[in-house]
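Structure, as structure tokens:
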2 protein chains.
Amino acid sequence: MSQHGLLGVLVSPNVKETQLFVSEAIMQRRTVLAIGRCSVHYVGRAASKLEPGERIVIFKADGSLLVHRSVGYEPVNWMPGGDTLVNSRLVDEVLEVRAIRKRPVESVVIVFDRLQLVASFVLEDSGDFSLYASELDMQKAVLVKPELLENGFRPITFEKKVEPGFVDVFGEDKDGNLVVVEIKRKTASKEAALQLSRYIEAVRARTSRRVRGVLAAPDLGKDVQRMLVTLGLEFRHLDPHRCAEALVRVESTKLIDFFKKA
Amino acid sequence: MSQHGLLGVLVSPNVKETQLFVSEAIMQRRTVLAIGRCSVHYVGRAASKLEPGERIVIFKADGSLLVHRSVGYEPVNWMPGGDTLVNSRLVDEVLEVRAIRKRPVESVVIVFDRLQLVASFVLEDSGDFSLYASELDMQKAVLVKPELLENGFRPITFEKKVEPGFVDVFGEDKDGNLVVVEIKRKTASKEAALQLSRYIEAVRARTSRRVRGVLAAPDLGKDVQRMLVTLGLEFRHLDPHRCAEALVRVESTKLIDFFKKA
DNA sequence: AATTAAATTTCGCCT
DNA sequence: AGGCGAAGTTTAATT
């Protein structure tokens with residue numbers, strides 16, 4: 001296993017030693033943390049200017065960059081990774097770090113005049129990240145546990161291409177009727193109802209069987225219930241959290257098998 | 001001025017001293033940085049699990065929290081600030097940090113079993129942040145420099161309510177025709193064209209004068225040019241960057257005066 | 001409080 | 001490479 005962990009720390013360094021430290025660390029594709037007083041200029045899709053102040057700056061191995069202020073979940077300035085090039089230099093007693101990328105063409109320039117803490121790392125991180133109950137996960141939950149939607153429901157396919165777009169889940173109910181299911185992980189809007197209605201028409205054009213349309217979501221938006229009645233569609237409550245629970249109870253191997261045969 | 005800057009650093013601390021350090025720093029509303037091996041569990045609007053690995057974790061003064069992996073601009077886990085409560089405790093030789101908030105009810109639990117660097121700060125940051133060339137700024141740019149849109153254009157109002165929605169800019173051209181302008185800061189879509197078309201109809205219903213519709217954007221989406229021709233509308237190239245430049249050249253005082261009389 | 005529109009949205013998937 | 005839609009989207013503005 002290659003070297004990893006904390007590789008170097010500078011406490012209250014001067015600008016010159018910081019430049020040497022940072023330029024080497026970035027060249028070596030390490031993660032660099034810099035806390036200090038800086039100003040930031042961004043030009044690209046828009047343009048922004050951040051006056052001097054103390055911030056946390058992170059330079060990652062993929063070229064991505066984050067500038068964080070003392071409050072707020074979102075970075076005040078940033079640069080996505082990928083084709084971003086980062087380099088640093090000394091200019092008149094200050095440290096200037098430039099990050100530039102093309103497509104879209106944009107650049108972030110950070111100028112430090114005082115540093116409080118600078119560190120570099122190689123983060124060893126192979127841990128899996130799994131997210132449950134996205135819209136896709138809700139589809140899967142209905143497939144592996146159809147009673148979440150309705151008793152006796154038997155799914156046939158999912159993400160099936162029908163002309164106007166995609167049907168989330170397609171199946172049969174206990175009486176043998178075709179069922180088209182549109183799943184939303186948030187409050188379903190009128191657009192969702194109209195979308196489902198278009199699907200239904202496309203399906204009905206290809207069969208003489210009775211076709212039911214079910215909008216499955218945790219909630220219904222304003223006036224959508226009325227619209228569903230008008231369109232001859234049904235609403236079914238579907239809770240993202242219960243979908244997540246249903247998925248957790250299924251071993252991933254079984255889930256993989258299910259989707260292989262689906 | 002109150003105490004600020006770097007308040008404490010721990011290099012490769014054990015879990016116990018980290019818990020003491022972190023709990024005190026969070027209580028004092030300081031910014032805390034922790035780099036170490038951890039796992040993360042999130043439950044709330046969705047649910048996620050992050051297996052152990054080395055990450056950068058930031059706890060901010062407002063309760064917000066970020067977990068960053070070695071690559072990628074976005075945090076793998078996070079918590080917005082506001083009503084978030086953060087606390088930490090020792091559990092079986094590991095450090096557990098919990099962040100909980102209501103509305104929406106969600107929680108992030110981070111478990112550290114090894115730390116590489118821990119630090120706390122008070123970030124002194126009063127520097128202004130200004131962003132140029134948002135869609136609103138593009139409207140302003142056209143108002144203070146109408147020739148950005150077209151020679152002889154004279155703006156009358158902006159964000160004027162017309163029935164189907166809002167008109168971005170409303171004015172007259174050099175021949176005295178009414179001009180309705182819809183501004184988009186990105187590639188204009190068909191929807192933008194239809195939106196403008198609806199505006200135009202609403203305006204025409206209230207006047208006998210000739211009414212021109214201009215869609216101003218940096219670019220046109222697929223087939224939108226054809227749609228504009230069909231709808232009898234015009235396209236005008238409008239560059240966000242040039243709008244930003246135009247705004248920079250206008251002193252903020254003059255801009256304020258302009259909008260007061262507008 | 002709820003709905004809509006924008007975001008330097010990002011990110012994925014499909015055409 | 002471009003377009004469409006989802007996101008633990010977030011955020012701000014407006015009804």
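Model, not experiment: these values are computed from the prediction. Residue numbering restarts at 1 for every chain, and letters A, B, ... go by the order of the sequence lines.
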Open item on the list: At 4.0 Å (heavy atoms only), tell me whether A:Val108 reaches a base, stays on the sugar-phosphate, or touches nothing.
Closed with: nothing
- [ ] Apply side-chain hydrogen bond (donor to acceptor under 3.5 Å, both in side chains) to B:Glu201 and list each qualifying residue two or more places apart in sequence or on a separate chain.
- [x] none
TODO: Grab the two heavy atoms, one from B:His68 and one from B:Pro75, that are nearest each other, plus how far apart they are.
DONE: CE1-N, 3.5 Å
Task: Residues which pass side-chain hydrogen bond (donor to acceptor under 3.5 Å, both in side chains) with B:Thr31, listed by chain and number, not counting sequence neighbours - done: none
Task: 5' precedence on DNA chain C between B:Glu74 and B:Phe129 (nearest-nucleotide basis) - done: B:Phe129
Task: Nearest atoms (heavy-atom pairs only) where A:Ser39 meets A:Arg55 - done: CA-NH1, 4.2 Å
Task: Partner set under side-chain hydrogen bond (donor to acceptor under 3.5 Å, both in side chains) for B:Ser48, not counting sequence neighbours - done: B:Asn77
TODO: Name every residue in residues 35-69 of chain B that has at least one heavy atom under 4.0 Å from any atom of DNA chain C, in order of residue number, or write none if there are no such residues.
DONE: none
Task: Residues forming a ring-ring contact (aromatic ring centres under 6.0 Å, His included) with A:Tyr73, sequence neighbours excluded - done: B:Trp78
- [ ] Quick one: list whatever passes side-chain hydrogen bond (donor to acceptor under 3.5 Å, both in side chains) with A:Arg242, sequence neighbours left out.
- [x] none
- [ ] Only pairs at least two apart or in different chains count here, so list each side chain to side chain donor-acceptor pair (under 3.5 Å) that has a residue in residues 99-109 of chain A.
- [x] A:Tyr42-A:Glu106, A:Arg45-A:Glu106, A:Arg101-A:Glu106
Open item on the list: Without decimals, in angstroms, what is the distance between A:Asp239 CG and D:dG8 P?
Closed with: 16 Å
Open item on the list: List the residues meeting ring-ring contact (aromatic ring centres under 6.0 Å, His included) with A:Phe153, not counting sequence neighbours, and say none if there are none.
Closed with: none
Task: A:Tyr73-D:dT10 aromatic stacking (under 5.5 Å, under 30°) - done: no
Could I get a table of every N or O pair under 3.5 Å where one atom is in the protein and the other is in nucleotides 4-6 of chain D?
| unit_1 | atom_1 | unit_2 | atom_2 | d |
| --- | --- | --- | --- | --- |
| D:dA6 | OP1 | A:Lys184 | NZ | 2.9 |

Task: Closest-nucleotide 5' rank along DNA chain D - winner of B:Glu106 and A:Gly72 - done: B:Glu106
Open item on the list: Can you tell me the base-pairing partner of C:dT8? Count Watson-Crick or G-U wobble geometry only, both distances below 3.5 Å, and say none if there is no partner.
Closed with: none
TODO: Provide, to the nearest angstrom, the distance between the CG atom belonging to B:Leu131 and the P atom belonging to C:dA6.
DONE: 15 Å
- [ ] Would you indicate, yes or no, if C:dT9 has its OP1 or OP2 atom less than 4.0 angstrom from a side-chain nitrogen or oxygen of A:Trp78?
- [x] no
Task: Nearest-Å distance once atom P is located in both C:dA6 and D:dG8 - done: 23 Å
TODO: Whole angstrom is fine here: how far is it from CG in A:Leu220 over to C1' in C:dA2?
DONE: 15 Å
